[in-house]
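Atoms considered below: every heavy atom in the structure, side chains included; atoms not considered: hydrogens, waters and symmetry mates. Every chain is numbered from 1, with letters handed out A, B, ... down the list of sequences.
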2 protein chains.
Amino acid sequence: MADPTTAGPGDGHREGSPAPGSPHSPRVATLDEVALRAGVSRSVASRAMNNARNVSAPKREAVARAASELGYVPNATARALATNTVGSVVLAVSHDDPALFGDPFFSQVLVGVAAALDRSELDLTLMLTSSERGRARLERLLRSRRSDGVMLMALRKDDPLNRVAAATDLPVVLGGRPLDAEARWYVDVDNRGGARLAAEHLLRSGRRRLATIAGPDDLHASVARLQGFADALAVERLPADWVEHADFTYEGGARAMTRLLAAHPDLDGVFAASDNMASGALRALKAAGRRVPEDVAVVGYDDLEIARHTEPALTTVSQPIRGLGQEMATMLVRLIDGDTPTPIILPTRLVVRGSAPGPT
Amino acid sequence: MADPTTAGPGDGHREGSPAPGSPHSPRVATLDEVALRAGVSRSVASRAMNNARNVSAPKREAVARAASELGYVPNATARALATNTVGSVVLAVSHDDPALFGDPFFSQVLVGVAAALDRSELDLTLMLTSSERGRARLERLLRSRRSDGVMLMALRKDDPLNRVAAATDLPVVLGGRPLDAEARWYVDVDNRGGARLAAEHLLRSGRRRLATIAGPDDLHASVARLQGFADALAVERLPADWVEHADFTYEGGARAMTRLLAAHPDLDGVFAASDNMASGALRALKAAGRRVPEDVAVVGYDDLEIARHTEPALTTVSQPIRGLGQEMATMLVRLIDGDTPTPIILPTRLVVRGSAPGPT
DNA sequence: GGGCAAAGTGGGACCGCTCCCACATATTTC
DNA sequence: GAAATATGTGGGAGCGGTCCCACTTTGCCC
C-alpha cells in the first residue's frame, strides 16, 4: 500500500476511451459507456441492469446488448458506496490456539458457510484473529463498513471477540454459544444431547465405571458435553466425577487418559469430547496394556475422518459440521435481509464402531 | 439482498445528525464531520488522517483529536472508490474434490496466508469454487473490481480456474505450478526434490524393490513427486515402474497399496505421495500380513499430524505448508505494490520415524 | 525589505454507481 | 375528448472519500 501522498500526477484518472497503450487492463466499461452505446440515459441503463420497472422493452434490450458487447460488469465498490451495503460478510475465528484451527473441523464449517453464501451474492472475508492486533483489525474492518455482517466461531470465555461483537451494530451470528455472554443469534450443536448419547451407549453396553476426557472448561461446548455425560450417569445414579480436562488434541487426550488410568485403574469406559482426544486415549490405553473395547470401551465426538481409521475404529458422536456452517451463513443472510431468525440447535447422532460396540 | 427496486422512500439517506431513534447504529462519523469539528477543511483532514505532508502540526493534532473523539473510522468503500484500490485479495480454491480441501493441508496454507496478510492492510476473501457457477462468480468478483489480486491453489490440468486467471488483469499468484500452462508468478514446494529424498532414504536403508503410490496425474505436484522418485531410482539404475495412482486419500492409498501388493508381491519399500495415502497403505499392508518396516518400509509425504500417530509412525517428507501460504501472500502484496518478484520453490526435508528407519 | 521557493490551506472535481424527482408520453376512465 | 392515471425517461444530487490546483502564508536569502 503505497503512501497516497506520493501518487504521481494524473493518478487514478482515466483516459476518455480504451487507450491502447495503457499499462494493463482493457479498461473496464462503466455504466455511462453502456448507456451511451445503448442510446439511453444512465438512469435507464441502471434500471435495466437491475431489471427494475419503468424501462421499456426495447431499451431494456438495447442496454443488455450494449452491456454484453462491452463486457460490462458493474463496479462493486461504486455500488456499495451508493447503496450502503457491501455485499460481503466476515467469518472471524479466534486463532490463538491451534486446536480449533488445526483439525478438519474448521474446514468443514468453512465449506458449509461457503455453500450457503454461494446462494446469496455475498462474499466471504476470512479473519483469523490471533493476538490483540488481529482483534483491532477486525474491529476496524467492521467499523469501516467493509462488511454487512459477521460470523464468529466458538468464543471462549473472555474471548476478546466478544467485545468486538458487542461493539458493532452489524448483524452477528455465533457458531456455538458463548459461555458467559447472552447471545441473540447463534447456531449450535446439541452438545449436551450428543454427549448424553455417548454415555448412554456405554451404559447400555454394560459399562459402569465411566470416565470422561473433557475439553477446556472455558468453552461452552466442553461444558455442555460434560453436562450431557453427567446427565446420563445421573439416571443410573452413578457419580460423574472421573473427569480430566484436555485441549481437544491427540497428545492432550493421551495425557488425560494416562491420568485417568492412574486415578481410576478400574475404569471400563471412556467418553472423550473429541475424536482427536479419543485417538490419543486409544494410544494411551494401548500403552497401558488395556484392550479396547474388551477392557475399556471408548467413545469419541465429532466423527472426523480419523475416527474411521483408528485401531479399532472409533464409536463416536456425529455432528453436522457443514450444516453448522451452512446454518450460520443462512441465518446471517436472513438478518441482513431484515428478518429475525431464531437460534438453531443441530442434532447429533451416535455412530457405532469397534471401540465401543453395542450391547450383546 | 433485497431487490433495489423495492427500496422504500428515503432509503439510504441519512439524517443530518445522530438521530436518537434510528433503527440501529450510532451513525458513524464522516470525514466532513471530523473536519468541521477540528475546524479545518476536508482536504486538510484527509491529509492529516493519511499523515501526508503539508499539514501544520497544530491542525494535524486537532484532526487527530476530533477523529478520536468522534470515533472516526474512514469508510473503506469510499476510499476504495476514490483510489481505485480495494484493500482485499482473493484466495480461490477449486473445490470439486474433497481431497484437497478435506485434509489439514489447506488450513495450514490459510494460516500462512492470513499471517502474511496481517502485516499488510489487506483483507482475505475466500472463494471455494466448486462447479461452473462458482467459477463464474469468481470471474465476476474479479471483474467487478472488488479485489486487488488473486491467489489460486493447486490448479489441475484443464482446471477452469486457469481460464479465469488468464482472463483477469489483476495480479495472480499460484500455489503450486500448473501442469499445463506457463505460470509467471507462483510459489511451489520442491516436490521433485522431496520425493527424491524419500526414495533415496529407502535405497540407503537397503531397499531395492521400490513401489510408489502417486497422486492424480493431472496435478503438477503428483507428476513432480513421481519424477523425483524416478530420479533416485535412476541413479541406481533401477526401473521406476511400480506405480499406482490414487487420489491423496486414505482409502485411495489403501486400495493402491493392495493393487501394488498384488502386482509386485516382493516389494520391500513404498513411497506414498501423501501421508493420508501412506496411512491407508499401512492399513493395507497390515491387512496383507506384512510387517512395517521389517518387510516393507513406507515413506509418506506432507508431515501432517497424522504421520506422528500412525502405527508405526510415518517417515515422511516435511514441507513448509504455512510457509507456502505466507510466501504466496507476500508475493501477491509485492505484485500489488508494483514490484516484480520471482517464483519461489520452497525446500523440503525428510523426517525419519518408525515406518522407514534409517540404515543400520 | 523585496523576491522567491516552500509549506500550508481549502475549493471543488471526480471515482461509478443509485435513486429521487420533475417532466414527457402512453393509457385509462368518465 | 378532457382529465386522471400509469408508465417511461433523463437530469442531477448524493454516497464519502482522494487529490489536483489555485491561492495564501510563511521562511529564507542576498
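- Of the candidate nucleotides dC19(D), dT9(C), dG17(D), dC19(D) has the atom lying nearest to any side-chain atom of Thr83(B).
- dG17(D) atom P lies 14 Å from atom CG of Leu36(B), rounded to whole Å.
- A side-chain N or O of Ser94(A) and one of Asp159(A) form a donor-acceptor pair less than 3.5 Å apart.
- Relative to the side chain of Val40(B), the nucleotides dG10(C), dG10(D), dT18(D) differ in distance, and dG10(C) lies closest.
- In this structure, CG of Asn84(B) is placed 10 Å from C1' of dG16(C), rounded to the nearest angstrom.
- A donor atom on one side chain and an acceptor atom on the other are not found under 3.5 Å apart for Ser147(B) and Ser88(B).
- The residue among Ser43(B) and Leu81(B) whose nearest nucleotide of DNA chain D is located toward the 5' end is Leu81(B).
- Salt-bridge annotation for Arg143(B) and Glu139(B): absent, with no side-chain N of the basic residue lying under 4.0 Å from a carboxylate O of the acidic one.
- Between dT9(D), dG17(D), dT9(C), one nucleotide has an atom nearer to the side chain of Thr30(B) than all others, and that is dG17(D).
- Of the candidate nucleotides dG17(D), dT9(D), dT18(C), dG17(D) has the atom lying nearest to any side-chain atom of Ala78(B).
- Rounding to whole angstrom units, CG of residue Asn54(A) and P of dT25(C) are separated by 16 Å.
- In this entry the distance linking CZ of Arg79(A) with P of dC17(C) reads 8 Å, nearest Å.
- In this structure, the CZ atom of Arg53(A) is 16 Å from the P atom of dT18(C), given to the nearest Å.
- In this structure, Asn75(A) does not reach the dC15(C) phosphate: none of its side-chain N or O atoms is under 4.0 Å from OP1 or OP2.
- For dG16(C), its base never sits under 3.5 Å from the side chain of Thr77(A) at any donor and acceptor pair.
- Minimum atom distance to the side chain of Arg42(B) is reached by dT18(D), of the listed dG10(D), dC19(C), dT18(D).
- Between Leu126(B) and Leu128(B), some side-chain heavy-atom pair lies under the 4.5 Å cut-off.
- Of the two residues contacting DNA chain C, namely Leu31(A) and Arg47(A), the nearest-nucleotide position lying further toward the 5' end is that of Leu31(A).
- In this structure, Ser56(B) reaches the dT9(C) phosphate: one of its side-chain N or O atoms is under 4.0 Å from OP1 or OP2.
- Listed for the Trp185(B) side chain is no donor-acceptor partner under 3.5 Å among the backbone atoms of Pro343(B).
- Rounded to whole Å, the distance from CZ on Arg145(B) to C1' on dC17(C) is 15 Å.
- One interatomic measurement links the two molecules: NZ of Lys59(A) to P of dT7(D), which rounds to 18 Å at whole-angstrom precision.
- Side-chain nitrogen and oxygen atoms of Ser46(A) include at least one within less than 4.0 Å of the OP1 or OP2 phosphate oxygen of dT18(C).
- Rounded to a whole Å, the CZ atom of Arg146(A) is 14 Å from the C1' atom of dG16(D).
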